[in-house]
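Everything quoted here is computed from the prediction, not taken from an experiment. As the structure lists them, so they are numbered: ligands from 1, and atoms in each ligand from 1.
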Amino acid sequence: MFENERPRDECGVFGLYRHSEAATLTYFGLYALQHRGQESAGICVSRKNNKMVSHKGMGLVHDVFKMEDLARIEGGSAIGHVRYSTTGDSVLANAQPFVAQHKGRAYAVAHNGNLVNAHKLKQELEESGSIFQTTMDSEVFLHLFVKNLKDGNVVRAIQRSVAKIEGAYSFVILTCKGEVIGVKDPNSFRPLALGKINGSYVLSSETCAFDLVQAEFVRELDPGEIVIINEDGVTSIKADPEPKTASLCIFEYIYFARPDSTIFGKNVYQMRKAHGKRLAQEAPVDADFVMPFPDSGNYAAIGYAEESGIPFEMGMIRNHYVGRSFIQPTQSMRDFAVRVKLNPVRELIRNKEIIIIEDSIIRGTTAMTRVKALRDLGAKKVHMRISCPPHRFPCYYGIDFSSKGELIAASKTEEELTRYLGLDTLHYLSIEGMLEASGVENPEDHFCKACFDGSYPVAFDPAVTKCCMG
Ligand SMILES: O=P(O)(O)OC[C@H]1O[C@H](OP(=O)(O)OP(=O)(O)O)[C@H](O)[C@@H]1O
Ligand SMILES: NC(=O)CC[C@H](N)C(=O)O
Ligand code: SF4
């Protein structure tokens with residue numbers, strides 16, 4: 001894991017029920033979700049006679065799809081996926097949607113999340129004769145699904161299959177009849193929303209994709225809900241019994257989701273700003289200006305500046321032609337990659353006291369090299385404030401930092417980190433501050449925050465690694 005030693009983005013899913021431009025709109029949907037996965041992209045479209053066509057490739061959405069690819073698969077219902085791997089290698093065979101044929105019928109699934117018992121289930125399935133085509137956790141679901149499809153009842157087969165899997169899943173499923181089905185795990189780790197477009201329905205990881213395709217937001221799926229979109233409209237089947245406590249990934253707000261999206265009932269921009277305001281209350285310090293490490297730090301920095309009354313400056317400029325995460329094999333190349341991404345505005349920095357707002361520190365590469373750059377330009381004092389608590393524990397639910405050794409805050413105290421990063425002062429947002437500023441009732445029963453406090457909502461086998469399915 002962690003070749004680039006940075007948190008990797010995670011997957012985005014999109015689905016659209018019967019539309020003359022289903023493939024093109026799904027392409028635009030994936031474009032809007034690109035920040036969730038930059039490894040591979042794919043679209044799968046239903047056809048008459050229980051068939052499907054798909055187009056998948058490694059890389060970014062605009063590299064994978066040419067206009068002629070979309071024209072070739074246009075029409076029907078469509079589902080799409082942008083991937084960043086959490087289980088299984090980054091190879092074309094693992095690009096999603098994953099498609100399977102069963103008794104002359106095709107089914108496809110696009111998955112955001114991570115199944116913590118996939119390894120065990122795969123062993124059981126192989127014992128009973130299943131042959132796997134990929135090394136992804138997501139494939140296990142489709143094997144269970146076809147095994148449970150004996151009487152041809154798709155919804156019952158989904159219900160029986162989700163009863164077996166554990167962990168995080170927001171699935172978008174396409175059946176050979178063109179039905180589009182959304183499924184959310186009972187903990188609701190990852191977002192998934194329903195929208196309406198020209199009398200048809202659409203599903204997306206984030207609402208920013210609805211804005212792009214001009215769909216109207218209807219609602220988010222509930223924990224454990226299955227939504228079936230077909231010629232009868234939308235049918236919802238609630239989990240039985242209904243889940244009591246959700247564990248929505250709070251790190252979606254801090255880093256992953258786009259600020260123009262509304263997830264889990266709250267706008268991401270406003271949540272980040274509220275975290276920044278709280279950070280200003282918890283860790284005030286005097287300075288000439290507040291500046292973010294863009295992009296994800298921008299919104300908490302606005303909140304910090306507003307609350308503290310200290311001016312806001314964009315002291316560091318982000319190169320927009322570099323992705324969020326990019327794999328570099330050596331430390332010197334990683335340092336170079338961060339230099340490409342973030343460059344200081346030198347005229348602003350000399351002799352100034354600065355407060356940097358950063359959304360998170362994972363390995364510390366960004367903070368280390370960019371603080372040094374500010375020092376080299378003559379900054380008088382450099383304070384850093386982080387708009388989330390220290391990352392001390394790995395994530396097993398769909399974010400790819402699954403090894404404690406890579407998390408710099410797992411082995412260093414705040415004081416040690418201050419020295420290591422060359423800062424005058426460093427403060428993280430407290431766990432209580434993060435939860436209280438979120439503005440939800442009973443946040444302890446609402447969010448997953450396991451990477452900060454180690455209280456994991458779903459049990460997992462720590463021996464299971466990213467490559468355990470190979
Ligand atoms: O401590 P590190 O290992 O350097 O990781 C943390 C950095 O990585 C992320 O930036 P990223 O480029 O992924 O996304 P962004 O442009 O949305 O901030 C995050 O916002 C931090 O800046
Ligand atoms: N980040 C994700 O949501 C990844 C989905 C799935 N576990 C995969 O590795 O493809
Ligand atoms: S462990 Fe952290 S990143 Fe993973 S789901 Fe929980 S809050 Fe999100």
Using a strict 4.0 Å cut-off to heavy atoms of G398, name the atoms of ligand 2 that fall inside it.
1 (N)

For I361, the atoms of ligand 1 under 4.0 Å from one of its heavy atoms are 1 (O)

Salt bridge (Lys or Arg N to Asp or Glu O under 4.0 Å) between K184 and E225, intermediate numbers included:
CA-CA 6 Å; K184 228 192 196 199; E225 184 178 3; over 6 Å; no

Below 4.0 angstrom from a heavy atom of R190, which ligand 3 atoms are there? Numbered from 1 as shown, please.
5 (S)

For C448, take its heavy atoms, then give the atoms of ligand 3 lying under 4.0 Å from any of them.
1 (S), 5 (S), 6 (Fe), 7 (S)

Ligand 1 atoms nearer than 4.0 angstrom to some heavy atom of R363 are 1 (O), 2 (P), 3 (O)

Report the nearest protein non-hydrogen atom to atom 4 (Fe) of ligand 3: residue, atom name, distance rounded to 0.1 Å.
C395 SG, 2.3 Å

Find all atoms of ligand 2 within a distance of less than 4.0 Å from any non-hydrogen atom belonging to N114, and give their numbers and elements.
7 (N)

Using distance alone, decide if ligand 1 has a nitrogen or oxygen within less than 3.5 Å of any nitrogen or oxygen in S360.
no

Near F251, which atoms of ligand 3 are under 4.0 Å from a heavy atom of that residue?
3 (S), 8 (Fe)

For the 3.5 Å polar cut-off, considering only N or O atoms, please tell me whether M136 and ligand 2 meet it.
no

Is it true that H143 and F132 have ring centroids separated by less than 6.0 Å?
yes

Return the orientation label for the Y169 and F171 ring planes: parallel under 30°, perpendicular over 60°, tilted otherwise.
parallel

Numbered atoms of ligand 2 (with element) below 4.0 Å of R83, judged on heavy atoms
8 (C), 9 (O), 10 (O)

Measure from NZ or CZ of K266 to the centre of the six-membered ring of Y253 and say whether it is under 6.0 Å with the direction within 45° of the ring axis.
no

Counting C-beta onward and ignoring hydrogens, is there a side-chain heavy-atom pair between I250 and L435 closer than 4.5 Å?
yes

Would a line drawn from the ring center of H102 to the ring center of Y107 be shorter than 6.0 Å?
no

Could you tell me whether D359 approaches ligand 1 through its side chain, its backbone, both or neither, with non-hydrogen atoms closer than 4.0 Å?
side chain

Could you list the atoms of ligand 3 found under 4.0 angstrom from a heavy atom of I399?
3 (S)

Any atoms of ligand 2 less than 4.0 Å from a non-hydrogen atom of S138? List them with their elements.
6 (C)

If you count the atoms of ligand 3 from 1 in the order shown, which ones are under 4.0 Å from a heavy atom of Y397?
5 (S)

Is S85 near ligand 2, meaning one of its heavy atoms is under 4.0 Å from it?
yes

Is it the case that the ring center of F452 lies less than 6.0 angstrom away from the ring center of F393?
no

Do NZ/NE/NH1/NH2 and the carboxylate oxygens of D424 and K381 come within less than 4.0 Å?
no

Decide, yes or no, whether a salt bridge links R385 with E282 under the criterion of side-chain N to carboxylate O below 4.0 Å.
no

I'd like to check which ligand 1 atoms, numbered from 1 as shown, lie under 4.0 Å from a non-hydrogen atom of S296.
15 (P), 17 (O), 18 (O), 20 (O)

Any ion pair linking K449 and E444 (charged N to carboxylate O, less than 4.0 Å)?
yes

Quick note on ligand 2: atoms under 4.0 Å from a heavy atom of N112 include exactly 2 (C), 3 (O)

Does R318 have a non-hydrogen atom less than 4.0 Å from ligand 1?
yes

Consider every N or O of T86 and every N or O of ligand 2, then say whether any pair is closer than 3.5 Å.
yes

Worked check of side chain to side chain contact (heavy atoms under 4.5 Å, CB included) between L429 and R278:
CA-CA 8 Å; L429 183 62; R278 176 66 184 235; 3.6 Å; yes

Could you go step by step and tell me if F251 and F256 meet the ring pair (Phe, Tyr, Trp, His ring centres under 6.0 Å) rule?
CA-CA 7 Å; F251 199 50; F256 282 107; 5.2 Å; yes

Measuring from atom 4 (O) of ligand 1, which candidate in I362, T366, N298 has the nearest non-hydrogen atom?
T366

Below a 4.0 angstrom heavy-atom separation, can you tell me which part of F293, side chain or backbone, both or neither, approaches ligand 1?
neither

Contacting atoms of ligand 2, where contact means under 4.0 angstrom from a heavy atom of Y84
1 (N), 2 (C), 4 (C)

Which ligand 2 atoms, with their elements, are less than 4.0 angstrom from a heavy-atom of D137?
6 (C), 7 (N), 8 (C), 9 (O)

Take H427 and M384 through the test side chain to side chain contact (heavy atoms under 4.5 Å, CB included) and record every step on the way to the result.
CA-CA 7 Å; H427 284 285; M384 195 169 207; over 6 Å; no

Flag if over 12 foreign heavy atoms under 6.0 Å of NZ, K164
no

I'd like to know if atom 4 (Fe) of ligand 3 has an N/O/S atom from C451 within less than 2.8 Å of it, counting both backbone and side-chain atoms.
no

Take E139 and K122 through the test salt bridge (Lys or Arg N to Asp or Glu O under 4.0 Å) and record every step on the way to the result.
CA-CA 9 Å; E139 184 177 352; K122 184 179 180 181; over 6 Å; no

Looking at ligand 1, is there an atom of it that comes within less than 4.0 Å of some heavy atom belonging to A367?
no

Contact flag C249/atom 8 (Fe) of ligand 3, N/O/S atoms, threshold under 2.8 Å
yes

Do other residues, nucleotides or ligands put more than 12 heavy atoms under 6.0 Å from the CZ atom of R346?
no

Under 4.0 Å, heavy atoms only, figure out whether ligand 3 is touched by the backbone of H391, its side chain, both or neither.
neither

Tell me whether Q96 reaches ligand 2 (any heavy atom closer than 4.0 angstrom to a ligand atom).
yes

Proximity to ligand 2 by part of C11, non-hydrogen separation under 4.0 Å
both

Is a donor on one side and an acceptor on the other found under 3.5 Å between the side chain of S130 and the backbone of E126?
no

